[in-house]
Number of protein chains: 4
Amino acid sequence: MARKTNSEQRRAEIVMALLATMAGHGYEKATIQLIAREAGLAPGLLHYHFKTKAEILLALVKTLAAMSRQRYLALADNAEGATQKLAAYIHARLGLGEGADLKAVAAWVVIGAEAVRQPEVRAVYQDAVREEMALLHELLSACLAEQRKSTAAVPALAAAVLAMMEGAFQLASAAPGVLPQGYAAQTALALVERFIAAEATSGLR
Amino acid sequence: MARKTNSEQRRAEIVMALLATMAGHGYEKATIQLIAREAGLAPGLLHYHFKTKAEILLALVKTLAAMSRQRYLALADNAEGATQKLAAYIHARLGLGEGADLKAVAAWVVIGAEAVRQPEVRAVYQDAVREEMALLHELLSACLAEQRKSTAAVPALAAAVLAMMEGAFQLASAAPGVLPQGYAAQTALALVERFIAAEATSGLR
Amino acid sequence: MARKTNSEQRRAEIVMALLATMAGHGYEKATIQLIAREAGLAPGLLHYHFKTKAEILLALVKTLAAMSRQRYLALADNAEGATQKLAAYIHARLGLGEGADLKAVAAWVVIGAEAVRQPEVRAVYQDAVREEMALLHELLSACLAEQRKSTAAVPALAAAVLAMMEGAFQLASAAPGVLPQGYAAQTALALVERFIAAEATSGLR
Amino acid sequence: MARKTNSEQRRAEIVMALLATMAGHGYEKATIQLIAREAGLAPGLLHYHFKTKAEILLALVKTLAAMSRQRYLALADNAEGATQKLAAYIHARLGLGEGADLKAVAAWVVIGAEAVRQPEVRAVYQDAVREEMALLHELLSACLAEQRKSTAAVPALAAAVLAMMEGAFQLASAAPGVLPQGYAAQTALALVERFIAAEATSGLR
DNA sequence: AATGAATGAGCATTCATTCAT
DNA sequence: AATGAATGAATGCTCATTCAT
């Protein structure tokens, strides 16, 4: 049997090394040398598996989006009903704290800033945002429908929840310790629940 | 005999040129050459007025914080009562759209990412966050007190509102057009108002 | 698979290129570009093998000290008796004239001036001076002991001889042709011999 | 009466400021800004009084040579006989220790290194060396003549003494504390005296 | 004479990318 | 696949010199 290539494995290692390096150094200062050291690989090897540094970044954005998705799916499995599913989602996103996550969150913040200037990063970042919006849309619509409320406010509400999440990542990374611990998930949930509770009942009959 | 100093004027020009450049290029790619061109100055002059590029960035963070403060104060003047003051605050922060502001918002997002890795930037960024938190704390406490509600949730609520604001900046800069237009201020206000309305009345009698 | 490292070889080449460049341009004007051209290497490569230019200078100081040591050892091999050993030492240091040596001497003078202001250079320069002093101390003590003379004057005498050597380097580099040719080794030896001859006999019996 | 220009005074201040700055920073790092600050003058003023920085250096070399000359003349006044005059000379050069002198000595060492690469500095440095040699020649010849000794060795002896002086400056500046304190003047004198004592009597009758 | 802002060439250093092995 | 040396363009920063006031 032919020797299996380990390219996929290597690519994943490199992407995770960028994640770790970027969390502490930002994107520009995450040099190929630094990433290679983090990954325990020779610098030249990175360009064997990826044509450019930017390509590694794009792969990382997709990986982070996928990781985020996985986390929700894992928690959503045990959730029943629309409200519980929404809670699972918010906890998946905002119930942070574990080691690897802190780095992922910091990297995500850095990616957000790169998206401001790099069209290619912006494109995949926006894909991730759209996907998130679609998911939130679905979850919130289900919640409102469950309570026979109007779904008119869903787009704005979804946007507000997404903003709260992104902002929480930003503040957790750049101003750690300034905000109260563990406020995020609970408060976000409370805000949404009270908003929904106060929403007018649906015109449908 | 001597020569009148124009340093303050020049420093301000340079800081605004960094703002404009950073909004489109990020911090690292906002080179001294680019900033100088934007300001219409010789590159060397930037280092005559600022020791390092990082120093210009710190000055910018302080300038943006001051600009933000001013904007709230201008709007708050016409506001009466705690609820109107809170609305004025949220509109000052999230009622964006005008030209200069878009750049300031993008620059702020980039600064947030730099704060992740540069301790000195982080320090001034955190000062700005703390100041914002204190202001929000005061505004929310007044709102709740006005309606004789418990103020126990104020810290978490303030953090959530701040996160929503930072996240809105992020999304507006990195994913323009993906989110509904003008959702931010109104939705944020609605979320807070409904949250407060549903809050338990204060134990005080 | 891997690639054989040639770092040691390259580092040595770079150090010798600094030596040659510094002899004619001084340290500050010995730019990385100039050194690279002298070595026939790309400028960037110098920073691949040395972190900073100052680091190349430190390596050069150590190299020159080692070269000096070697030269004495080669000459001392044929010397018999303390007096001949001392003569071998002084000739090793002051019997200059050959091509490579002129450059080494000029570089050493430049290094001496850099030691005035760069603490790290000063440290290694002082190490070299101490080593030289220890060697001179030993040689002079042996000479005096051989002739049953007091060794009380050895420290001052060693210092004077060392100063004469350093000064001869200085004058040979900065005022070539002003001083008589080939005076140095012979006169230094004569001064020391007559000093010893006139020294009081040791109190030991 | 017309207002007297203070140019000469200013020029002297600037030269002394270069002396002080160079002692601690070397020549290249003694920037116009730094020298101006040391002198308490505006940077632009330096180029009003001197066309280039190199011109200040040349003036300094001449000033130091003149200072050195003055010091000998002051001490020589009280000296009687050739031997005492020689002792006065050596003490004038090597009897260091006072504050201003340490800086002058360090600056002289730096100048010696600059003379290696700057032809114009080398020229005035060599003038100073020649003048010193002539003086030493005269003093040593007188000493030998006084004792009816051959003066054949004078050139080599003068060169050796000059080298010892320059080397003592170098070592005092770049390796302070490594050599015994106050060895220089005494040992130099002793070496010369014993050399002369052992010299053959003059063929003259 | 004096000031201090302005200029621009030159420097050490960084770094993505390439390439011979 | 893998290594690590090599390249060279780009960057922040320095600094002698100039100049308007």
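Being a predicted model, the structure only gives us computed values, none of them experimental. Below, chain A is the first sequence line, B the second, and so on; all start at residue 1.
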pair [X]-[Y]: side-chain heavy atoms closer than 4.5 Å:
{"X": "D/Leu18", "Y": "D/Ile14", "value": "no"}
{"X": "C/Met22", "Y": "C/Ile111", "value": "yes"}
{"X": "C/Arg117", "Y": "D/Val110", "value": "no"}

Is it true that B/Lys103 and B/Glu38 have a side-chain N and a carboxylate O under 4.0 angstrom from each other? no
Where A/Gln33 and A/Pro43 come nearest, the two heavy atoms and their spacing: OE1-CG, 3.5 Å
Whole angstroms only, please: what is the [atom1]-[atom2] distance between [X] and [N]?
{"X": "B/Arg11", "N": "E/dG4", "atom1": "CZ", "atom2": "P", "value": "16 Å"}
{"X": "D/Arg37", "N": "F/dC15", "atom1": "CZ", "atom2": "P", "value": "11 Å"}
{"X": "C/Phe50", "N": "E/dT14", "atom1": "CZ", "atom2": "C1'", "value": "18 Å"}
{"X": "C/Lys51", "N": "E/dC15", "atom1": "NZ", "atom2": "C1'", "value": "16 Å"}

For the P atoms, the ones on E/dA1 and on F/dT21, what distance do you get once it is rounded to whole angstrom? 22 Å
Qualifying side chain to side chain donor-acceptor pair (under 3.5 Å) pairs with a residue from residues 47-57 of chain A, counting only residues at least two apart or across chains: none
Which value, rounded to the nearest 0.5 Å, describes the distance between A/Leu58 atom CG and A/Tyr125 atom OH? 14.5 Å
So OH of D/Tyr27 and OG1 of D/Thr21: to nearest 0.5 Å the spacing works out to 12.0 Å
Note every stem involving DNA chain E: at least three consecutive Watson-Crick or G-U wobble pairs, i with j then i+1 with j-1, with both distances under 3.5 Å. E:2-21 with F:2-21
Annotated protein contacts, base or backbone, on nucleotides 5-12 of chain E with a non-hydrogen cut-off under 4.0 Å, one of B, S, - each: BBBB--SS
